[in-house]
Novice: 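Sharing a structure, written as structure tokens. Questions coming.
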Amino acid sequence: MTTVLPSALDTPAELETHHADVVRATLPVIAEHIDDITALFYQKMFGAHPELLANLFNRGNQKQGAQQRALAASIATFATHLVDPTLPHPRELLARIGHKHASLGVVAEQYPIVHEHLFAAIVEVLGADVVTAEIAAAWDRVYWLMADTLIGFERELYDGAGVAPGDVFRTAVVVDRIEDPSGVVTFVVESTDPARPFSDFLPGQYVSVGVTLPDGARQLRQYSLVTAPGNGRLAFAVRPVEATAEQPAGEVSTFLTGTIGTGDVLDVTLPFGDLTIDTAATDPLVLISAGIGITPMIGILEYLAAATPQRKVLAIHADRTCDTHPLRAVQEDLIESLPDATLELWYEQPTPGAHTGTLALSTLALPAGAQIYLCGGAGFLQSARAQLDAAGISHDRVHFELFTPNDWLLA
């Protein structure tokens, strides 16, 4: 995959003055009802296209409302910027969405489907007497400005991967299954067709993995790559997600870890994702993770060990115990192999050689001028970013990812 960042996001979208006045005036009422609008939108779209819920959208996120909140947040954020261009351009939001879409094989022809059912939901929630022709035209323009920006960005991602739009899935065979003491399983896969290999990738990127579940639904999930690029194989680590009061069990993760072994076949996409390091840079790196958020950091460390071992690295990981720390031995071995790398651990339970309690960045001397990468749960990311703010770390040096559809809300 190309290392050149696509340029489709470089030119900010502009809303015509007469549309901007209407959007500015109606943004409060749209924002007030946006959750109801997006919930009804998905209900309408899946009613007309049930195959989308079964074969493309994450059913777990739909049940929890995460996908609805993500769509609502993206529309509101984009519209707010359009009517106030002095606000920061929502480049990171759009880039995150575009990479997710590319990893799912989304194509331009699907955007009119979203438009049809989204606008039907707006009219039904707000009422036809409220949504006048003028208001409908203004918000139609907002939608297509955002959609066209994403379509252009996603087209450049596909071009960079050397494929036609949407042609990202490869039939892959599992050539190795590696059990970790933490319960995490690493799957190593390769394309079954030498003429359609996996493209190269950047450290920190992910793939979408598709499986057909017992009820016949083909569900997709994203998993970070945990090896360095170079041999045509991909490896991703999966932790089974048990059901809690807040969320159902992870369908795909549980299926993969419970049933898939060497010789089995999966649908796996080409790699995408924007939480990547600048491989040409030499500035220090700080890699901060919690739980399964360690996976993109392992991929970055694998790349550094293979390509630029002299780069200064501070790796920081927080977990409940040393036993729940995913890929702990792998991380320790990688740190040991890098001549200027240090590992700091935080466990909730007292453990020799580790800090006890929650992450406290103020106790560490972060390398001057470092680029800082974060990955973990929402609470962990919020805490870590607040600590970095308190330390005076500028936001342009902090890069983060959360495994949910609306991680940009933490920005």
Side-chain angles (χ1 to χ4, degrees), residues 1-10 91-92 94-105 153-163 167-170 172 186 188-191 197-209 222-237 268-289 293-313 315 327 330-331 334 338 341 370-375 396-403 407-408:
M1 179 175 294
T2 179
T3 59
V4 177
L5 187 67
S7 60
L9 302 182
D10 289 344
R91 181 184 179 89
E92 289 186 2
L94 295 170
R96 197 65 49 88
I97 296 173
H99 276 278
K100 293 291 186 185
H101 282 182
S103 78
L104 297 171
F153 180 75
E154 291 154 17
R155 184 183 303 114
E156 291 196 27
L157 289 176
Y158 292 134
D159 287 345
V163 298
D167 184 25
V168 297
F169 285 93
R170 301 290 180 265
T186 297
V188 183
V189 300
E190 64 182 13
S191 174
F198 288 112
S199 60
D200 210 347
F201 59 92
L202 298 175
Q205 290 191 310
Y206 55 79
V207 292
S208 289
V209 178
Q222 282 84 41
Y223 299 102
S224 296
L225 296 170
V226 294
T227 52
N231 65 358
R233 292 182 171 183
L234 303 179
F236 56 90
V268 181
T269 67
L270 304 179
F272 293 96
D274 60 343
L275 187 74
T276 62
I277 65 170
D278 182 349
T279 56
T282 58
D283 44 355
L285 297 173
V286 176
L287 311 177
I288 307 175
S289 58
I294 196 173
T295 52
M297 309 309 179
I298 294 294
I300 291 171
L301 289 172
E302 289 277 9
Y303 171 82
L304 295 174
T308 57
Q310 300 301 320
R311 197 163 179 180
K312 185 177 183 63
V313 181
L327 307 176
V330 175
Q331 185 182 39
L334 287 167
L338 297 169
Q371 295 295 316
I372 300 172
Y373 291 80
L374 305 172
C375 192
D396 62 350
R397 289 168 48 199
V398 180
H399 319 274
F400 65 95
E401 185 160 43
L402 171 69
F403 299 131
D407 52 359
W408 54 78

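Here the structure is a predicted model, which means the values were calculated and not measured.
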Novice: With a 4.5 Å heavy-atom cut-off, do Arg233 and Thr227 have their side chains touching?
Specialist: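 SC-SC contact between Arg233 and Thr227 ruled out.
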Novice: From Ile300 CD1 over to Leu334 CG, what is the distance, rounded to the nearest 0.5 angstrom?
Specialist: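 Ile300 atom CD1 to Leu334 atom CG measures 12.0 Å (nearest 0.5 Å).
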Novice: Can you measure from NE2 (His399) to CD1 (Ile288) and round to the nearest 0.5 angstrom?
Specialist: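 Separation between the atoms: 11.5 Å.
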Novice: Where the side chain of Arg170 meets the backbone of Leu270, is there a donor-acceptor pair that is under 3.5 Å apart?
Specialist: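 Answer holds: no.
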Novice: Return the minimal non-hydrogen interatomic distance between Ser289 and Met297, and the atom names on each side.
Specialist: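 In terms of heavy atoms, the two residues are closest at CB-CG, 3.9 Å.
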Novice: Side chains of Ile277 and Leu304, heavy atoms from C-beta outward: is any pair under 4.5 Å?
Specialist: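 Heavy-atom side-chain distance check passes, below 4.5 Å.
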Novice: At what distance, to the nearest 0.5 angstrom, does OG1 of Thr269 lie from CG of Asp167?
Specialist: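 CG of Asp167 is found 11.5 Å from OG1 of Thr269.
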Novice: Using modelled atom types and a 3.5 Å cut-off, is there a donor and acceptor pairing between side-chain atoms of Gln205 and backbone atoms of Gly273?
Specialist: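 Yes: the side chain of Gln205 pairs with the backbone of Gly273.
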Novice: Can you find a heavy atom in the side chain of Lys100 that is under 4.5 Å from one in the side chain of Phe272?
Specialist: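 Side-chain contact under 4.5 Å: no.
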Novice: Could you pull out the closest heavy-atom pair between His101 and Tyr158, with the gap in Å?
Specialist: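 Nearest heavy atoms, His101 then Tyr158: O-OH, 3.8 Å.
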Novice: In terms of ring plane angle, is the pair His99 and Phe153 parallel, tilted or perpendicular, where the classes change at 30° and 60°?
Specialist: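 Aromatic pair His99/Phe153 classed perpendicular.
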Novice: Got a sec, which residues hit side chain to side chain contact (heavy atoms under 4.5 Å, CB included) with Ala281, two or more places apart in sequence or on another chain?
Specialist: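 For Ala281, the residues satisfying side chain to side chain contact (heavy atoms under 4.5 Å, CB included) (neighbours in sequence not counted) are Asp278, Asp283, Arg311.
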Novice: Report yes if some heavy atom in the side chain of Val209 is under 4.5 Å from a heavy atom in the side chain of Val189; otherwise report no.
Specialist: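 When only atoms from C-beta onward are counted, Val189 and Val209 do not touch, as no gap falls below 4.5 Å.
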Novice: Hey, are the side chains of Thr186 and Leu327 touching, using non-hydrogen atoms and a 4.5 Å cut-off?
Specialist: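 Side-chain contact under 4.5 Å: yes.
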Novice: What's the shortest heavy-atom distance between Asp274 and Glu92, and which atoms?
Specialist: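 Heavy-atom minimum between the residues: OD2-O, 4.4 Å.
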Novice: Indicate the atoms forming the closest heavy-atom contact of Pro271 with Ser199, along with that distance.
Specialist: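 That closest heavy-atom pairing would be CD-OG, 3.6 Å.
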Novice: Over all heavy atoms of both residues, which pair between Ser208 and Leu104 is shortest? Give the atoms and the distance, please.
Specialist: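 Closest approach of Ser208 to Leu104: OG-CD2, 3.8 Å.
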Novice: How about Thr276 and Phe201: do any of their side-chain heavy atoms sit closer than 4.5 Å?
Specialist: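 No. Closest side-chain heavy atoms not under 4.5 Å.
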Novice: Might you point out which heavy atoms bring Phe169 and Ser103 nearest each other, and give the distance in Å?
Specialist: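 Closest heavy-atom pair between Phe169 and Ser103: CZ-O, 4.5 Å.
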Novice: Using side-chain heavy atoms (C-beta onward) and a distance below 4.5 Å, is Thr308 in contact with Tyr303?
Specialist: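 Yes; the side chains approach each other to less than 4.5 Å.
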Novice: Indicate yes or no: at least one non-hydrogen side-chain atom of Glu302 is less than 4.5 angstrom from one of Val226.
Specialist: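 A side-chain contact is absent here, since even the closest heavy-atom pair is not under 4.5 Å.
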Novice: Tell me which one of Ile298, Leu275, Val207, Thr295 satisfies side-chain contact (heavy atoms from CB on, under 4.5 Å) with Ser224.
Specialist: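 The passing option is Thr295.
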